[in-house]
Asks: 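Got a structure for you, written out below as structure tokens; questions coming shortly.
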Amino acid sequence: MTTLRLTLPDGTVREVPAGTLPREVVASIGPRLLRDAVAVDVGGAVQDLVTPLRAGGSFRVLTAADPRSLDVLRHSGAHILATAVRRLRPDARIGFGPPIEDGFYYDFGVAEPFTTEDLAAFEQEMRRVVAERYPFVRSEVTRDEALRLFADDPLKLERIADLGADEVISTYTDGPFTDLCRGPHVPDTSYLKHFKLLHTAGAYWRGDERRQMLQRIYATAWWKAEDLDAYLHRLEEAKRRDHRALGAQLDLFSTDPRVGPGLILWHPRGAVIRSEIENFERDLILRRGYELVYTPHIYNEKLFEISGHLENFRENMFSSMDVEGTAYRPKPMNCPGHIAIYQSRGRSYRDLPLRFAEFGTLYRYERSGVLHGLLRVRGFTQDDAHIFCTPEQVSEEIGRLLDLVDEVLGVFGYEYSIELSTRPAKAFGSPETWNAAERMLADVLVARGREYTIDAGGGAFYGPKLDFKLVDAIGRKWQGPTVQLDYVLPERFELTYTGADNVPHRPIMLHRVLLGSMERFIGGLIEHYAGAFPLWLAPEQVRVLPLTDEVASAARSVADRLREAGVRVHLDARSETLNYRVRDGALMKVPYLAVVGPREARDGTVAVTLRGAGEKQRPIPIPVDAFTRALRREIETRALTLRAGAPTTGVADAAAD
RNA sequence: GCCGACGUAGCUCAAUUGGCAGAGCAGCUGAUUUGUAAUCAGCAGGUUGCGAGUUCGAUUCUCGCCGUCGGCUCCA
């Protein structure tokens, strides 16, 4: 019998025979530890306490304090859910039940979909299973035994058929329920204390839409009651920030079935935000060596044949339209147009790098079921650019892009992480080229000390890419900038430039977006800011409120002066009470409310209330000139927080001017 | 596209077993002149998403279509 060496965190080494259960090892360390143990980490892999040890290495006990133990708990939660469902609906056939971020789900094959009432009943039953405290019992079985055991569960039989010949087939049993499962699991069902079933949804068996649709139940589970509460609170917070609701409340955008689903109508207030962002970015990239171009909304379909889009992207393209016998397509990407500009004349190495930028409006067909507010649409405007450069220039260009990304994202207050996506299954170009390109991207990141993770197989069909994932104000991740390296399109379009050696060379293309789609980015931004935009983006920056009709003309002249200074200002002289108008301004999330009463009219001041100042904050009297200057500065610096009315900055700074 | 839920005034929601479609807010008119989160009164507002069907009678039941929401899949 083989002996395994286990190295404990304190450096001591245990020698145990292969096949020993981790539970025995943990027990030998201490009974108290055994009580707290959820699973173990052996050589970096998480396994449960009842799976025989087959290899040695580092050995660490995982308690509820280790984040990895949550997945174990949730996985067991899925089994407990299945246990409950099987008790109440014995006809339900079982699919998969994995842990996911923040929870778990389980897929069932049932004749009748589950209802909300079913869900409540299942949760009740789960609590019973938990109270019954069934241990999770692991058995290793032969293939034949497994086939017999799950004879009534065709989904499981299919899974068994897919298992490799040398794989250990194991089952886990908790009380009345046995599932084909690799583990790991918590010791018994009583570990699942803080959970909640969330909702049901249809899900295709193994994610394949040609296969049967199963009924999926989503749930969340945590070690501590306060974690569960915090999670549920986070869901509410996300709901409060929902850009679709805020978009309607703040009158930013809408869709209209008469126009078409997934096609966004930007209202004046939303258009302000968008145009401010576009202006900001346009100014920035012009100073970074980009040149603006414009290309049509439809291209001759031939271009997409050459580019490979028809081959690789067809299912996302709108169908073609016939124009005097020639097929045209709404463009799903700008690249062919930018390439055509590149090819409009001969290019020399002296011209490179060329950086063509376009806020290009694209149309992509998305199936009706996936459309979602601003985040998933059929028509959107991309802040696109294509950089044409020599192979020697690529690293430098990537480096410049990293700087640009920093600069842009910082303005919006986003943190981000970087992902390097490598060659996908469906890819053009040789593996050697791909490897070199991937290595080059990694080298630039390393050289700049950037941390990144690898998304294997996540690249575009024409080249590897860097994805920047934004982290918003409540910790959610969003798709951010992407940079894609492309050796393929220059080849397919036969792009060339004349080198110093006076012979043609092939340039390399970089595709990059900073914000992605304006629609999606602003959708995310609405949620990031919860609708309370920083001053430079706020659709309405200041609302001037005359206290009475007597001071209406004084208020009007304040508003005029602000408007003259380039501030987006509204005058609210409705014959409503001040309370009413203050509330209205607050609900519209106007950054500054400037009240003009007899005192202010006499002194040439305004009484300023900052958005979100709360009840304790008293309005601050500020001279109109000083207020105007403070606003200007805040707008120009694109400050993330409101300062122009704050007593220590607004007034003092303004006085110092 | 598929599974499920939903669709009533601009918004948020009501409407007993199928029996004349209602409220608050927003809007309009008038009064009120207000000092930091809703002043009062009146008026107007609807082909109950669209189209069929069942019925003496449909917001309510059935079918089809459109749209929205939660997912599946995919991505900007």
Side-chain angles (χ1 to χ4, degrees), chain A residues 105 107 110 112-116 198-218 242 244-245 248-249 251 254-262 313 315-316 332-334 360-362 364-384 458 460 467 478-482 484 511 513-521 523-524 545-552 573-588 593-600 607-610 613-621:
Chain A
Y105 67 77
D107 286 342
V110 282
E112 289 294 310
F114 300 131
T115 63
T116 321
L198 298 174
H199 54 261
T200 62
Y204 296 106
W205 170 232
R206 310 188 103 174
D208 183 342
E209 65 186 89
R210 289 163 306 196
R211 308 295 299 271
Q212 70 166 292
M213 180 155 281
L214 305 178
Q215 292 301 313
R216 176 170 296 179
I217 297 177
Y218 281 94
D242 190 318
R244 293 164 300 183
Q249 271 162 40
D251 197 17
S254 63
T255 57
D256 183 332
R258 293 170 307 172
V259 177
F313 205 70
E315 63 277 16
N316 279 301
M333 291 182 183
N334 299 304
T361 299
L362 309 179
R364 295 185 186 174
Y365 166 70
E366 297 285 358
R367 299 194 293 179
S368 56
V370 306
L371 301 175
H372 181 94
L374 292 177
L375 304 184
R376 196 64 184 278
V377 296
R378 286 180 174 157
F380 59 95
T381 299
Q382 205 176 44
D383 63 331
D384 202 8
D467 279 312
W478 299 77
Q479 174 67 46
T482 71
Q484 305 180 343
H511 306 242
V513 297
L514 296 178
L515 307 180
S517 107
M518 300 309 295
E519 280 74 8
R520 176 178 285 184
F521 182 78
L545 310 177
L547 187 64
T548 67
D549 287 347
E550 255 111 75
V551 291
R574 289 178 294 177
S575 80
E576 304 285 354
T577 58
L578 183 66
N579 276 335
Y580 180 93
R581 287 174 291 154
V582 165
R583 179 169 190 271
D584 193 53
L587 290 177
M588 290 305 282
L593 301 179
V595 171
V596 177
R599 285 200 300 271
E600 290 76 18
V608 175
T609 299
L610 279 65
E615 286 161 22
K616 286 182 201 112
Q617 173 76 61
R618 303 180 72 113
I620 304 153

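A note on names: the letters A, B, ... follow the listed sequences, proteins ahead of strands, and every chain is numbered from 1.
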Asks: Give one of base, sugar-phosphate or nothing for A:G516, where a contact means two heavy atoms less than 4.0 Å apart.
Replies: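 Counting heavy atoms under 4.0 Å across all strands, the contact made by A:G516 is with sugar-phosphate only.
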Asks: Of the options B:A38, B:A76, B:G35, whose atoms approach the side-chain atoms of A:L578 most closely?
Replies: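 Of the candidates, B:G35 comes closest.
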Asks: Answer with base, sugar-phosphate or nothing: what part of the nucleic acid does A:Y580 contact at a heavy-atom distance below 4.0 Å?
Replies: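 Sugar-phosphate only.
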Asks: With RNA chain B as reference, determine whether A:R581 or A:R364 sits nearer its 5' end, using the nearest nucleotide of each.
Replies: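 In this pair, the answer is A:R581.
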Asks: Let's test this: given Watson-Crick or G-U wobble pairing with both distances under 3.5 Å, identify the partner of B:U62.
Replies: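 Per the H-bond distance test, B:A52.
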Asks: Rounded off to whole Å, could you give me the CZ-to-P distance for the A:R574 and B:A38 pair?
Replies: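 Spelled out: CZ on A:R574 to P on B:A38 is 14 Å.
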Asks: What is the separation between atom CG on A:D107 and atom C1' on B:G4, rounded to the nearest whole Å?
Replies: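 After rounding, the gap between these two atoms is 14 Å.
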Asks: If I take atom CD in residue A:Q249 and atom P in nucleotide B:A26, what distance separates them, rounded to the nearest angstrom?
Replies: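 About 15 Å, once rounded to whole Å.
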Asks: Ignoring hydrogens and geometry beyond distance, is the side chain of A:N579 in donor-acceptor contact with the base of B:U36 at under 3.5 Å?
Replies: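 Side chain to base: no pair below 3.5 Å.
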Asks: A:E600 has a side chain; which of B:C72, B:G35, B:U33 sits nearest to it?
Replies: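 The listed nucleotide nearest to A:E600's side chain is B:G35.
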Asks: May I have the distance from A:R376 (atom CZ) to B:G1 (atom P), rounded to whole angstrom?
Replies: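 Value for this atom pair: 14 Å.
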Asks: Using only modelled atom types and a 3.5 angstrom limit, is any donor from either the side chain of A:E366 or the base of B:G1 paired with an acceptor on the other?
Replies: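 Donor-acceptor pair under 3.5 Å: no.
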Asks: Between A:R244 and A:D242, is there a salt bridge with N-O shorter than 4.0 Å?
Replies: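 Looking at A:D242 and A:R244, the cut-off is met.
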Asks: Between the base of B:C74 and the side chain of A:R367, is there any donor-acceptor pair under 3.5 Å?
Replies: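 Under the 3.5 Å cut-off, the side chain and the base do not form any donor-acceptor pair.
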Asks: Passes side chain to side chain contact (heavy atoms under 4.5 Å, CB included), A:V551 versus A:E600? Steps please.
Replies: CA-CA 9 Å; A:V551 291; A:E600 290 76 18; over 6 Å; no
Asks: Using the rule for Phe, Tyr, His and the six-membered ring of Trp, do A:Y218 and B:G71 stack at under 5.5 Å and under 30°?
Replies: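 Stacking is absent between B:G71 and A:Y218, given that the ring centres and planes do not meet under 5.5 Å and under 30°.
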Asks: Heavy atoms under 4.0 Å, any strand shown: does A:L587 hit a base, just sugar-phosphate, or nothing?
Replies: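 Answer is base: heavy atoms of A:L587 come under 4.0 Å of a base.
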Asks: Is the count of non-hydrogen atoms from other residues, nucleotides or ligands lying under 6.0 Å from A:E112 atom CD greater than 12?
Replies: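 It does not: A:E112 CD has 12 such atoms or fewer within range.
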Asks: Go through the N and O atoms of the side chain of A:S575 and the base of B:U33, and report whether any donor-acceptor pair is under 3.5 Å.
Replies: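 No such pair is found, so the answer is no.
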Asks: Heavy atoms under 4.0 Å, any strand shown: does A:R520 hit a base, just sugar-phosphate, or nothing?
Replies: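 Base contact - A:R520 has a heavy atom under 4.0 Å of at least one base atom.
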Asks: Among B:A76, B:G70, B:U33, find the nucleotide with the atom closest to the side chain of A:F380.
Replies: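 It is B:A76.
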Asks: Between B:G1 and A:Y365, counting only base atoms on the nucleotide and side-chain atoms on the residue, is there a donor-acceptor pair under 3.5 Å?
Replies: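 When only heavy-atom distances are counted, A:Y365 does not reach the base of B:G1 through any donor-acceptor pair under 3.5 Å.
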Asks: Please tell me which of the listed nucleotides, B:C69, B:U39, B:U68, lies nearest to the side chain of A:R244?
Replies: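 Among the listed nucleotides, the one closest to the side chain of A:R244 is B:C69.
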Asks: Measure from the side chain of A:P598, starting at C-beta and using heavy atoms only, and say which of B:G35, B:C69, B:C3 lies closest.
Replies: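 Comparing B:G35, B:C69, B:C3 against the side chain of A:P598, the answer is B:G35.
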Asks: Please report, rounded to the nearest Å, how far the P atom of B:A31 is from the CD atom of A:E576.
Replies: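 Going from A:E576 (CD) to B:A31 (P), I get 14 Å.
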Asks: Between A:E519 and A:G260, which has a closest nucleotide on RNA chain B that is more 5'?
Replies: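 On the 5' side of the pair lies A:G260.
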Asks: Report the nucleotide, chosen from B:U36, B:U34, B:C72, that has the shortest atom-to-atom distance to any side-chain atom of A:A607.
Replies: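 So the nucleotide nearest the side chain must be B:U36.
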Asks: What's A:V513 touching, base or sugar-phosphate or nothing? Going by heavy atoms closer than 4.0 Å.
Replies: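 It contacts nothing in the nucleic acid.
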